[in-house]
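Please read the structure below before turning to the comments.
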Amino acid sequence: MSETRPLKIAIIAGEESGDLLGADIVRALQRLTGREIWLVGTGGRHLQELGLAPLFDASEIALMGVSAILRDLPRLIRRVGETARAVVAEKPDCLITIDSPDFTLRVAKKVRARDPSIPIVHYVCPSVWAWRPGRAPAMRPHVDHILCLLPFEAAELQRLGGPPGTYVGHRLTPDEGVKLARSMQDAPRDLSGDREKTLLLLPGSRKGEVKSLIGVFGETVSVLRSRGHRMRLLLPTVPHVAGAIEAAVSGWAVKPEIILDQARKWQAFGEADAALIASGTVSLELALAGVPSVSSYRLDPVARLIQGLVTVWSALLPNLIADRPIVPEFYNQYVRPENLARHIEALWADTALRAWQKDGFAEVALRMRTDRPSGEIAAEVVLRHISKH
């Protein structure tokens, strides 16, 4: 293989987060090799800025939930075939599939069947450690390596008989917003009982989540108020649910400050004494920022039917990474305002629970640390597989 010709990389990314990861790895490949990178496949604006002319709009594969996938299954199956044929025709040096496993791993399987000489690396480990562990060995025939965002995933892949994995780090670890919030949280803080407290509310980023939790959050605030607490409420959210949240909080005795600006969001994380949250990735953001929190979630009827398939002991990433229950989590009928309020009280005072969480967050940050940028580690794995072929 000539060391001066451009590297041709096939890349498939649907979600905005996957598009960012893809752009990061492409830039790292450019830096490490000093070579031009030719891109084929599909992706969003970040990959397009690096020269990718997408085969189709990446939003077509950015689907969440079983029902959305089933509804669009015929079109997705057609796109899988089209994408696999296009990749094989281009004869790339490597295929990098990113997240969206219901689509990308099907493409990987077809590409491997048509041309076994193309190395295939998948970025973002599917949550085989949480449910459907049989997906791990099922990936092995058509995925050469998995780039993992969480430090325990490579060992889980090995345990379950999946492809080899490498922990490359998480995009949140070096994030400047996270660092700002962490520095504010690490500063001395008045935790005396009679002061005004600042409570961060994060009821989720999807309409269903918000609808199921915002009322309970309001009741929790009422309980705290009835117990003599003065408080300031901060509620960072995203535009597509902001209207529903504004309507839901209009009758609250204490009105939250609704925050849409990203920079202000991290400032709010730094100001908060504690957070009441919907279970999700935000729990990891809060852990890395050092914000004590209580998590809650109400599963929709379809999710309740399949919850028996879940094999993991906790739904929260900080707990899984530290391998101990740092953040309390309550689900379904156990999401009760009186209980949530008392946990919040324990977190915004100088208590053993607050100290336990803070200590756990330091452990999470330590376990997630990498010695180099994640894109560089990921690019080195890709180059290793290219050199083997």
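In summary, R342 and E345 do not engage in a salt bridge, as defined by a charged side-chain N under 4.0 Å from a carboxylate O. The pair R384-D144 fails the salt-bridge criterion, with no side-chain N (NZ, NE, NH1 or NH2) lying under 4.0 Å from an Asp/Glu carboxylate O. Ion pairing between a basic and an acidic side chain is recognised when a charged N comes within 4.0 Å of a carboxylate O; R227 and E338 show no such pairing. In summary, E16 and R45 engage in a salt bridge, as defined by a charged side-chain N under 4.0 Å from a carboxylate O. Checked for salt-bridge contact, D175 and R171 miss the test: no charged N lies under 4.0 Å from a carboxylate O. Contact check on D93 versus R5 returns a salt bridge, with a Lys/Arg side-chain nitrogen under 4.0 Å from an Asp/Glu carboxylate oxygen.
Proximity of L202 to F269: side-chain heavy atoms (C-beta onward) are separated by under 4.5 Å at one or more points. Using a 4.5 Å cut-off on side-chain heavy atoms (C-beta onward), T370 and T173 make no contact. By the 4.5 Å heavy-atom criterion applied to side chains, V335 and L340 are counted as neighbours. When side chains are defined from C-beta on, E156 does not count as touching V128, because their heavy atoms never get closer than 4.5 Å. Proximity of L7 to C94: side-chain heavy atoms (C-beta onward) are nowhere separated by under 4.5 Å. The shortest side-chain heavy-atom distance between L157 and C148 falls under the 4.5 Å cut-off. Contact of the V364 side chain with the L284 side chain is registered, since non-hydrogen atoms from C-beta on lie closer than 4.5 Å. Taking the side chain as every heavy atom from C-beta outward, M184 and Q267 approach each other to under 4.5 Å.
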> Hey, mind stepping through L233 and L235 against side chain to side chain contact (heavy atoms under 4.5 Å, CB included) and telling me if it holds?
Replying inline: CA-CA 7 Å; L233 306 178; L235 202 161; over 6 Å; no
> side chain to side chain contact (heavy atoms under 4.5 Å, CB included) between E329 and N319: does it pass, once the steps are laid out?
Replying inline: CA-CA 10 Å; E329 48 189 328; N319 294 351; 3.4 Å; yes
>> Between R232 and E271, is the salt bridge (charged side-chain N to carboxylate O under 4.0 Å, His left out) condition met? List the steps.
In response: CA-CA 10 Å; R232 173 171 163 252; E271 294 169 7; 2.7 Å; yes
>> As a quick check of understanding, evaluate side chain to side chain contact (heavy atoms under 4.5 Å, CB included) for E285 and V178, giving each step before the final call.
In response: CA-CA 7 Å; E285 294 183 2; V178 171; 5.5 Å; no
>> Between W348 and H229, is the side chain to side chain contact (heavy atoms under 4.5 Å, CB included) condition met? List the steps.
In response: CA-CA 11 Å; W348 64 23; H229 297 288; 4.0 Å; yes
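Although no hydrogens or angles enter the test, the distance criterion places no donor-acceptor pair under 3.5 Å between the side chain of R182 and the main chain of A289. Side chain of R195 to backbone of D190: a donor-acceptor contact under 3.5 angstrom is found. The backbone N or O of A136 sits nowhere less than 3.5 Å from a side-chain atom of R140 that would complete a donor-acceptor pair. Side chain of K207 to backbone of V241: no donor-acceptor contact under 3.5 angstrom is found. A donor-acceptor distance shorter than 3.5 angstrom exists from the side chain of H240 to the backbone of S205, with no hydrogens or angles considered. Side chain of Q185 to backbone of A272: a donor-acceptor contact under 3.5 angstrom is found. In this structure, the side chain of Q48 engages the main chain of G43 through a donor-acceptor pair within 3.5 Å. Judged by distance alone, the side chain of E376 and the main-chain N or O of P373 form no donor-acceptor pair under 3.5 Å. In this structure, the side chain of R264 does not engage the main chain of D261 through any donor-acceptor pair within 3.5 Å. Between the side chain of H122 and the backbone N or O of I146 there is no donor-acceptor pair closer than 3.5 Å.
A pairwise comparison of heavy atoms in V291 and A275 identifies CG1-CB, 4.1 Å as the closest pair. Residues P92 and I118 approach most closely at CD-CD1, 3.8 Å, considering heavy atoms. In this structure, I321 and R367 approach most closely via the heavy-atom pair O-NH1, 3.0 Å. When all heavy atoms of P337 and T220 are compared, the closest pair comes out as CA-OG1, 3.5 Å. Taking each heavy atom of G204 and V210 in turn, the nearest pair found is O-CG2, 3.5 Å. Heavy atoms only, all atoms of each residue included: I98 and G22 are closest at CD1-CA, 3.4 Å.
Within 6.0 Å of CD in E257 there are more than 12 heavy atoms belonging to other residues, nucleotides or ligands. Atom NZ of K91 sits in a sparse spot, with 12 or fewer heavy atoms from other residues, nucleotides or ligands closer than 6.0 Å. Shown here is W252, whose CH2 atom has more than 12 heavy atoms of other residues, nucleotides or ligands within 6.0 Å. Within a 6.0 Å radius of NZ in K358, other residues, nucleotides and ligands contribute more than 12 heavy atoms. Residue R225 qualifies as open at atom CZ: its count of foreign heavy atoms under 6.0 Å is 12 or below. Surrounding NZ of K8 are more than 12 heavy atoms belonging to other residues, nucleotides or ligands, all under 6.0 Å away. Counted within 6.0 Å of OH on Y334, heavy atoms from surrounding residues, nucleotides or ligands total 12 or fewer; the atom is thus considered open.
At a threshold of 4.5 Å between side-chain heavy atoms, the hydrophobic network of Ile, Leu, Val, Met, Phe, Trp and Tyr places L147 and L39 in one connected group. V294 and L288 fall into different hydrophobic clusters, defined by Ile, Leu, Val, Met, Phe, Trp and Tyr side-chain heavy atoms under 4.5 Å apart, directly or through other members. L234 and V254 fall into different hydrophobic clusters, defined by Ile, Leu, Val, Met, Phe, Trp and Tyr side-chain heavy atoms under 4.5 Å apart, directly or through other members. By the criterion of side-chain heavy atoms lying less than 4.5 angstrom apart, applied directly or through intervening Ile, Leu, Val, Met, Phe, Trp or Tyr residues, V216 is grouped together with V249 in one hydrophobic cluster. I277 and L213 are assigned to two separate hydrophobic clusters, defined by single-linkage of ILVMFWY side chains at heavy-atom distances under 4.5 Å.
For the atom pair CG (L286) and CG (L317), the distance works out to 11.5 Å, reported to the nearest 0.5 Å. Once rounded to the nearest 0.5 Å, the distance linking CG of L47 with CG of D19 reads 4.5 Å. Rounded to the nearest 0.5 angstrom, S279 OG and R298 CZ are separated by 14.0 Å. Here I25 contributes atom CD1 and I11 contributes atom CD1; the two are 6.5 Å apart, rounded to the nearest 0.5 Å. Rounding to the nearest 0.5 angstrom, the gap separating the CG atom in L21 from the NE2 atom in H46 is 10.5 Å. The structure places CH2 of W356 at 8.0 Å from CD1 of I326, a figure rounded to the nearest 0.5 Å.
Each of N339, V223, L224, V221 was checked for a side-chain contact (heavy atoms from CB on, under 4.5 Å) with I344, and the lone residue meeting it is L224. When the options V26, L32, L29 are evaluated for a side-chain contact (heavy atoms from CB on, under 4.5 Å) with V382, the one that passes is L29. Test R189, K197, R230 against D273 for salt bridge (Lys or Arg N to Asp or Glu O under 4.0 Å) and you get one pass: R189.
Between Y297 and Y331, the ring-plane angle classifies as tilted under the 30° and 60° cut-offs.
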